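Okay, so here's the structure we're looking at.
Quick caveat: nothing in here was measured; it's all calculated off a predicted structure. Throughout, residue positions are numbered sequentially from 1 according to the sequence presented.
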Amino acid sequence: MAAHPTVQSLIERSNRLGADPKNTNYAGGNTSAKGTDRDPVTGGDVELLWVKGSGGDLGTLKDTGLAALRLDRMRAMVDTYPGVEREDEMVAAFDYCLHGKGGAAPSIDTAMHGLVDAAHVDHLHPDSGIAIACASDGPELTEKIFGDKVVWVPWRRPGFQLGLDIAQIKERNPQAVGCILGGHGITAWGDTSEESEQNSLWIIDTAAHYIAEHSAAEPFGPALEGYGALSEDERRAKAAALMPTIRSIASTDKPQVGHFTDDDAVLDFLAHTEHPRLAELGTSCPDHFLRTKVKPLVLDLPSDASVEDAQARLRELHESYREDYQAYYDRHADPDSPAIRGADPAIVLIPGVGMFSFGKDKQTARVAGEFFINAINVMRGAEGLSSYTPIDEREKFRIEYWALEEAKLQRMPKPKELATRIALVTGAASGIGKAIAKRLAAEGAVVAIADLSLEKAQEAAAEIGGPDKAVGVRVDVSDENAVQQAIDETLLAFGGLDIVINNAGLSLSKSLLDTTEKDWDLQHNVMAKGSFLVSKAAAKVLIEQNLGGDVIYISSKNSVFAGPNNIAYSATKADQAHQVRLLAAELGEHQIRVNGINPDGVVQGSGIFASGWGANRAKTYGIEEQDLGKFYAQRTILKREVLPENVANAAFALLSQDLSHTTGLHVPVDAGVAAAFLR
């Protein structure tokens, strides 16, 4: 069924506005349109408001993300409005104005759209507009920049009263096309969708041009000696070295996923004298500090400080940050306030290196970093024209610990079993490794797909869901430097490491007399040595994070079972199997569990079998290669073929809370091979 033309126009306008970050931040702002549609009950026309609902993003908005409300019922709410002290009650009343089934829940900004006497309304959070909104002389700047076409609205928490205020401003200022909302953003309107969009863009671009033309040359003050950006290679190396410590800091109350950026805006901010003062003032726009917390943790050491000195100082600063945040909560909380949600920073700034941001998943962490870059841009604009003056601390607390915001958080779905966990799976572009990576991602983990082929690793990552779910990295597990590089890339992509799956492998099926020294070394370098190198590099991270962790070895039934023409492969699998026991004993004090899985006969999707191993094994058993899976199945107790997904299921079981007290275990996934029973 074709969308209503008014709805279609609204979606197209929203997508255009939301696609350009200069107009609004991710998931920030909302748009609306008013029009008529047929009432299926009466058959007559009914006036409706279509408005972006709670959550969602303008750039990707679809009609399912809109709330549709009857305008007559919504406007009638003005007569029953109990006043600003009870305005939160009006949000629940919006549900009684909804037209039809489905759609999104109405947001707190619904009143702004419904009460303003304009067919189309846009509320956005552009950096240029918020810079004016957060300038100490914002009202004067608004008049100077826009004349009487844009009206200043003093800070008011989003809600019904703000909608009434803006409606009154439009009524009293018929020449106006929009407002600057103090400490918040902009609102614009129009008689047509095109006019509303043009007015929004005019406000945004006019503010940006004015800032560019009139800003002070150094809005963040003069350069701070010793705080300039390191080279790109130095930045990334130092970021990876610091990441485990920083994640430990950000995850003291609950585990978090991280994101790193060395965006020029961040490096420039940290390289100038005013950054400590401005960082202490924190963010202003409600969308910003809800994601970033009221302020970041900033390392107060120069760019060339050693990793060890930086780690020690970060731990000291973290203690102070937690005390300060607890005091902030205690100053403003009342008996009805939601409980404190944790006192760890969401944003950590390292001079010369960049920004580390954290959240409940990769997207949340990445978006938090994007929001703080928005805040830096706002600070730059406000300081360039005047001085940055965000809303006061009390108002920030009222937003951060708003009962309506708490209710929204409580409505969020329960996290999946592996949420916040970061996995590195070697040999994960195919077969068992790929199946494990997919299962871990499906259970909420983020995954680094490590493989000898970067192209195939990236293809597998894209198949799983892209950079907010999985990334592809190249690794030769027999090369210590390459292993460290893969670990570092995982840290930079996701902020840490919790799960290591030692799966990379290969095999050559040869008799003792046909097995060369080169054959022996190749298999031992990849599996025995490779697993050792990966586990060693990963253990350093896991220990520094102090969050525990899991290491799983994909060994083999051949680590126990002795078969013909398999000397090198089976010997190295036995090596891996004993590494499990040794590391379980050694790493347990750090709450790191080490377990193994012994699969057998996993033919489908296997890179090993496709590379010649399958043909050799089939020849050994005197069967056709395509029948190898069936052959393996028939020699098992259960007469079932083992698939990559069966091994992935075992890996998930070992990582789940159901086996939280298990370490040093080998799980057979072989459909039952009596000769390989563990004794």
Side-chain angles (χ1 to χ4, degrees), residues 9-33 50-62 65-67 104 107-110 112-113 116 118 120-134 142 146 150 153 155 158 162-163 166 177-190 193-209 211 263 265 283-292 363-364 366-382 390-391 399:
S9 178
L10 171 60
I11 294 295
E12 291 172 358
R13 174 174 106 235
S14 302
N15 293 165
R16 285 193 298 270
L17 289 169
D20 191 338
K22 80 177 176 63
N23 298 330
T24 200
N25 44 256
Y26 175 82
N30 27 69
T31 51
S32 68
W50 292 278
V51 58
K52 179 197 157 204
S54 181
D57 173 53
L58 285 176
T60 55
L61 183 67
K62 296 179 174 58
L66 297 173
S107 78
I108 191 67
D109 287 319
T110 299
M112 180 192 306
H113 294 271
V116 170
H120 301 268
V121 178
D122 299 326
H123 168 57
L124 303 168
H125 300 150
D127 294 347
S128 62
I130 304 174
I132 307 303
C134 291
T142 299
F146 304 105
V150 177
V153 180
W155 160 258
L162 180 60
I166 297 174
V177 301
C179 300
I180 297 288
L181 310 182
H184 187 167
I186 74 165
T187 297
W189 48 76
S193 186
E194 293 76 13
E195 186 178 78
S196 185
E197 182 176 358
Q198 289 169 4
N199 288 338
S200 294
L201 294 175
W202 179 77
I203 295 172
I204 293 166
D205 293 340
T206 299
H209 292 153
I211 292 169
D263 188 278
T283 50
S284 183
C285 176
D287 261 24
H288 292 183
F289 60 76
L290 280 173
R291 308 264 189 158
T292 66
Q363 184 191 59
T364 304
R366 174 177 56 78
V367 169
E370 292 172 1
F371 275 50
F372 199 81
I373 291 176
N374 290 134
I376 289 173
N377 294 336
V378 167
M379 293 173 186
R380 180 186 294 106
I391 61 176
I399 292 284

A side-chain contact here means heavy atoms from C-beta on lying under 4.5 Å apart; do R16 and R13 qualify?
yes

Shortest non-hydrogen contact between N377 and A265, atoms and distance:
OD1-CB, 4.3 Å

Can you find a heavy atom in the side chain of L181 that is under 4.5 Å from one in the side chain of I166?
yes

Is there a side-chain contact between N30 and V121 (heavy atoms, below 4.5 Å)?
no

Sorted by chain and residue number, the ring pair (Phe, Tyr, Trp, His ring centres under 6.0 Å) partners of H120 (sequence neighbours excluded) come out as none

Exercise: identify the closest heavy-atom pair between P158 and H184
CG-CE1, 3.5 Å

Would you say P126 and N23 make side-chain contact, with heavy atoms under 4.5 Å?
no

Report the C-alpha distance between L201 and L17 in whole Å, list the side-chain angles of each, state the deciding distance to 0.1 Å, and finish with yes or no for side chain to side chain contact (heavy atoms under 4.5 Å, CB included).
CA-CA 8 Å; L201 294 175; L17 289 169; 3.9 Å; yes

Verify side chain to side chain contact (heavy atoms under 4.5 Å, CB included) between I11 and L66, making sure each step is shown before the conclusion.
CA-CA 9 Å; I11 294 295; L66 297 173; 3.9 Å; yes

Exactly one of H125, Q363, E370, R366 clears side-chain hydrogen bond (donor to acceptor under 3.5 Å, both in side chains) with Y26, and that residue is Q363

Measure the CG-CD1 distance between D127 and I373 for me, rounded to the nearest 0.5 Å.
10.0 Å

Heavy-atom distance under 4.5 Å between the side chains of L124 and K22, does that happen here?
no

Pick from T24, T60, T31, D57: which one makes a side-chain hydrogen bond (donor to acceptor under 3.5 Å, both in side chains) with S14?
T31

Rounding to 0.5 Å, atoms CD1 (I391) and SG (C285) come to a distance of 8.5 Å

Minimum heavy-atom distance between W155 and G182, given as atom pair plus value
CE3-O, 3.2 Å

Test K52 against D109 for salt bridge (charged side-chain N to carboxylate O under 4.0 Å, His left out), laying out the working first.
CA-CA 9 Å; K52 179 197 157 204; D109 287 319; over 6 Å; no

Has the side chain of T110 got a donor or acceptor atom that lies under 3.5 Å from a matching backbone atom of S107?
yes

Taking every heavy atom of I130 against every heavy atom of G185, the minimum-distance pair comes out as CG1-CA, 4.0 Å

Find out whether L290 and I399 are in side-chain contact, i.e. whether some heavy atom of one side chain is under 4.5 Å from a heavy atom of the other.
yes

Going by ring pair (Phe, Tyr, Trp, His ring centres under 6.0 Å), name the residues that satisfy it together with W189, two or more places apart in sequence or in a different chain.
none

Considering non-hydrogen atoms only, spot the tightest contact between S284 and G183 and give its length.
OG-O, 3.2 Å

Those residues that, when tested against S54, pass side chain to side chain donor-acceptor pair (under 3.5 Å) (two or more places apart):
none

How long is the span from the CG atom in N25 to the CZ atom in F371, to the nearest 0.5 Å?
4.0 Å

Mind listing the closest non-hydrogen atom pair of S128 and A208 along with its distance?
CB-N, 3.6 Å

Partner set under salt bridge (Lys or Arg N to Asp or Glu O under 4.0 Å) for R380, not counting sequence neighbours:
D268

As a quick check of understanding, evaluate side chain to side chain contact (heavy atoms under 4.5 Å, CB included) for L162 and V153, giving each step before the final call.
CA-CA 9 Å; L162 180 60; V153 180; 4.1 Å; yes

For F146, all residues meeting ring pair (Phe, Tyr, Trp, His ring centres under 6.0 Å), sequence neighbours excluded
W202

With sequence neighbours excluded, tell me which residues meet ring pair (Phe, Tyr, Trp, His ring centres under 6.0 Å) with H113.
none

Atom CG of D20 and atom CG of L58: how far apart are they, to the nearest 0.5 Å?
12.0 Å

Pair H123, I186 - check side chain to side chain contact (heavy atoms under 4.5 Å, CB included), show working.
CA-CA 6 Å; H123 168 57; I186 74 165; 6.0 Å; no

